[in-house]
Structures are given as structure tokens and as C-alpha cells.
Amino acid sequence: MTRIAVTGALGKMGTMVIQETAKATDMQFVAGFDVFGAGKPLIEGVLVTDAAELESKLAKIKPDVLIDFTVAAASVENVCTAARLGIDLVVGTTGFSPDQHSRMRSAITGNVAAVITPNFSVGVNLFWKLISEAAKALKDYDIEIIEAHHNQKKDAPSGTALATVDVIKNVLGDVNVVHGREGMGLRGKEIGVHAVRGGDIVGDHTVLFAGSGERLEIKHQAHSRTALASGAVRAARWVANKEPGIYSMADVLELR
Ligand SMILES: NC(=O)c1ccc[n+]([C@@H]2O[C@H](COP(=O)([O-])OP(=O)(O)OC[C@H]3O[C@@H](n4cnc5c(N)ncnc54)[C@H](O)[C@@H]3O)[C@@H](O)[C@H]2O)c1
């Protein structure tokens, strides 16, 4: 039985992850933390614990895995706390600065196993593989990335769009990246990244490869958060008791 705790328990993702964990026969949801709603029931027998009590509660109940869907600044602290206590991690939060990323990596390295990914869906992880193949074959084409999300999303562009830039850079080397465009002037070789925000869009990502006389678009659209939440739970099952290190969803899905 893998024992799971969740930070961001009352958020959109945290709520779904808890539901998915409760459905799994090989998992037990043991604690949920948030900055509001302390004492509110999450599932039968588990109430929201105030985020300020994270370290003491984790030390007491010793879950196997902490799943984090919060905000970047909080997530870094949560990761450091869990790593100090030897609790494996699944981190879905996005929007980390390079400094936050490196703090998180050094807290994890040598101490615990962690799956960190801006996107847990099988479709997006396959999408990255297809993008890599297309970038190899269409080296001279112009590349644009367009992402769309709901109007509550805090970080822009999305972590998935930034990871898509990295996939392309791994093939083409260091390419100039511009975020949106405005004003006059001819453009050199660059990748444009465009973030659309509106309504309740769960998450769309399109990569456009445009050449002379043709274009290819590779697109992923999430219809609900279910695929993301079940992917996070799958990652938690996979990461528990793995050798310390930082893993991606490609490791979990054996897509390498
Ligand atoms: N990796 C993925 O597949 C994936 C999918 C969707 C969203 N996300 C990312 O996950 C994060 C959360 O997304 P969401 O849509 O659930 O957001 P949300 O705003 O609905 O939920 C975040 C929750 O975290 C709580 N929180 C903030 N600080 C906290 C702390 N210190 N301790 C405990 N809880 C704290 C908030 O009160 C809130 O309930 C975002 O960064 C988002 O971009 C990742």
C-alpha cells in the first residue's frame, strides 16, 4: 500500500488527485495540506491540515510520497521539507524560476526520488516525442508554439510550452525565443511562444512548423484534468522507493 499526502489539497488538481488516489486499491490517502480550509473533510477520515503544519504532520505520519500541486514559491519549500524527511515526491507545480529549480534539485539529489513534470498526460509526453522527430526532419522550417489555458492560470507561458521549447532546443541547439510579438521589423530565425488565456480551457498546445508552400501542426488538447490527475497518481505509484534521483514522466511511461 503506497501512502500518499497532497499539498494544494483544495486546489483544482489537488482535489482530483485525492479522488484518484481514493479510487486506487493499492494506495491510501493519508494527509492533505492547504493554506485555507483547515479542518474541512477531504475524504472520509482525512481533514485538511493547515500548510503551516506540513513538517510536523509529515514527520508524524510518514507518507511514502508527497504529491505537490501548489504555486512555485510554496512548492520549493514543500519539496525541501519532504526531501529532508526522506519522503519521495511527485511535483506537478509549474512556473519555477531557474533559482527555484536549482534549489529544488539540490534538495532532492542524493536524498529522495522525485518525478517532476509540467505535464502528466500520456498524450503530451508522446507529443514531445513527436515534436522532437518533426524538429529533426524540418530543421529549416519556422517554428511557433501556441498554448491556451483557463483564465485562472497564474504562470505564462505554460510549463508545458517551456518544456516544448527545451525539446526543440535539444534538437536544434540554442535558438532565439520570443514571447509574443509587437511592432515593426523583419524577424530573424526565432521561435515565437504565444500564451492565450480564457474561460475554462483545460490546456491546448500547438506546435506549428511552417515551410515554403506547406505547414505541419502538431496539437494536443486536454479535455479534462482527469488525464493529468491519473498521471500524477501513476507517477506516485512508480516513484515510491525508487533510487534517489530526479525522473520525468517519460521514465514513468517508458517513452525513452
Ligand atoms: N503537471 C501537470 O500536469 C499540471 C496540470 C495542471 C496544473 N499544473 C500546475 O499545478 C499548479 C496548481 O494548479 P491548480 O490548477 O490546481 O491551481 P489551484 O490554484 O486551483 O490550486 C493550488 C492550491 O495550492 C494551495 N496552496 C498554495 N500555497 C500552498 C502551500 N504553501 N501549501 C499547501 N497548499 C498551498 C492553494 O491554496 C490552492 O488550493 C500550477 O502551478 C499549475 O500550473 C500542472
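Both ligands and their constituent atoms are indexed starting at 1 by order of listing.
In the vicinity of T117, heavy-atom distances shorter than 4.0 Å reach the ligand 1 atoms 1 (N). Residue-ligand proximity, D155 to ligand 1, at heavy-atom distances under 4.0 Å covers atoms 43 (O). Listed by number with element, the atoms of ligand 1 under 4.0 angstrom from any heavy atom of G8 are 23 (C), 24 (O), 25 (C), 33 (C), 34 (N). Near L10, with a cut-off below 4.0 Å to any heavy atom, the atoms of ligand 1 are 39 (O). Atoms of ligand 1 lying under 4.0 Å from at least one heavy atom of A74, given by number and element, are 28 (N), 29 (C), 30 (C), 31 (N). Heavy-atom contacts of G92 reach the following atoms of ligand 1: 1 (N), 2 (C), 4 (C), 8 (N), 9 (C), 10 (O), 44 (C) (cutoff under 4.0 Å).
Of all the heavy atoms of K153, the ones lying under 4.0 Å from any atom of ligand 1 belong exclusively to the side chain. Under 4.0 Å from ligand 1, the heavy atoms of L228 that appear belong solely to its side chain.
Using a distance-only test at 3.5 Å, with no hydrogens or angles considered, a donor-acceptor pair links the side chain of T21 to the main chain of V17. A donor-acceptor pair under 3.5 Å is formed between the side chain of H150 and the backbone N or O of K153. Looking at R225, its side chain never comes within 3.5 Å of a backbone N or O of V202 through a donor-acceptor pair. Checked by atom type and distance alone, the side chain of K62 pairs as donor or acceptor with a backbone atom of A59 at under 3.5 Å.
The option with the heavy atom closest to atom 19 (O) of ligand 1, from among E77, K154, Q152, is K154.
In terms of heavy atoms, G180 sits closest to H194 at CA-ND1, 3.8 Å. The two residues V48 and F36 have their closest heavy-atom pair at CG1-O, 3.8 Å. Taking every heavy atom of both residues into account, V65 and A236 meet most closely at CG2-O, 3.7 Å. Across all non-hydrogen atoms, the minimal contact from A51 to V35 is CB-CG1, 3.9 Å.
For ligand 1, the polar-atom distance check finds an N/O of T94 within less than 3.5 Å of one of the ligand's N/O atoms. Between P118 and ligand 1, a contact under 3.5 Å exists for at least one N or O pair. Looking at H150 next to ligand 1, no N or O pair under 3.5 Å apart turns up. In terms of polar-atom proximity, A51 is not counted as a contact of ligand 1, lacking any N or O under 3.5 Å from an N or O of the ligand. Considering backbone and side-chain atoms together, F120 places an N or O closer than 3.5 Å to an N or O of ligand 1. Taking any N or O of F36, backbone or side chain, none lies under 3.5 Å from an N or O belonging to ligand 1.
Considering only non-hydrogen protein atoms, atom 4 (C) of ligand 1 sits nearest to F69 CE2, 3.7 Å. Distance from atom 15 (O) of ligand 1 to its nearest protein heavy atom, with residue and atom name: K12 CE, 3.3 Å. For atom 13 (O) of ligand 1, the closest heavy atom belonging to the protein is M13 CG, 4.3 Å. Ranking protein heavy atoms by distance to atom 29 (C) of ligand 1, first place goes to V35 CG1, 3.6 Å. Considering only non-hydrogen protein atoms, atom 21 (O) of ligand 1 sits nearest to G11 CA, 3.2 Å. Protein heavy atom in closest approach to atom 26 (N) of ligand 1: D34 OD1, 3.7 Å. Ranking the protein heavy atoms by distance from atom 11 (C) of ligand 1 puts T70 O, 3.3 Å first.
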task: Verify side-chain contact (heavy atoms from CB on, under 4.5 Å) between R197 and E147, making sure each step is shown before the conclusion.
output: CA-CA 9 Å; R197 292 289 173 267; E147 59 99 334; 2.7 Å; yes
- request: Test salt bridge (charged side-chain N to carboxylate O under 4.0 Å, His left out) on R103 and E77 and set out the steps.
  value: CA-CA 9 Å; R103 248 195 93 202; E77 301 307 326; 2.9 Å; yes
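With respect to the salt-bridge test (charged N to carboxylate O, under 4.0 angstrom), the residues R181 and E190 qualify.
Side chain to side chain, S158 and H205 meet the donor-acceptor criterion of an N or O pair below 3.5 Å. Checked by atom type, the side-chain pair T93/D68 shows a donor-acceptor distance below 3.5 Å.
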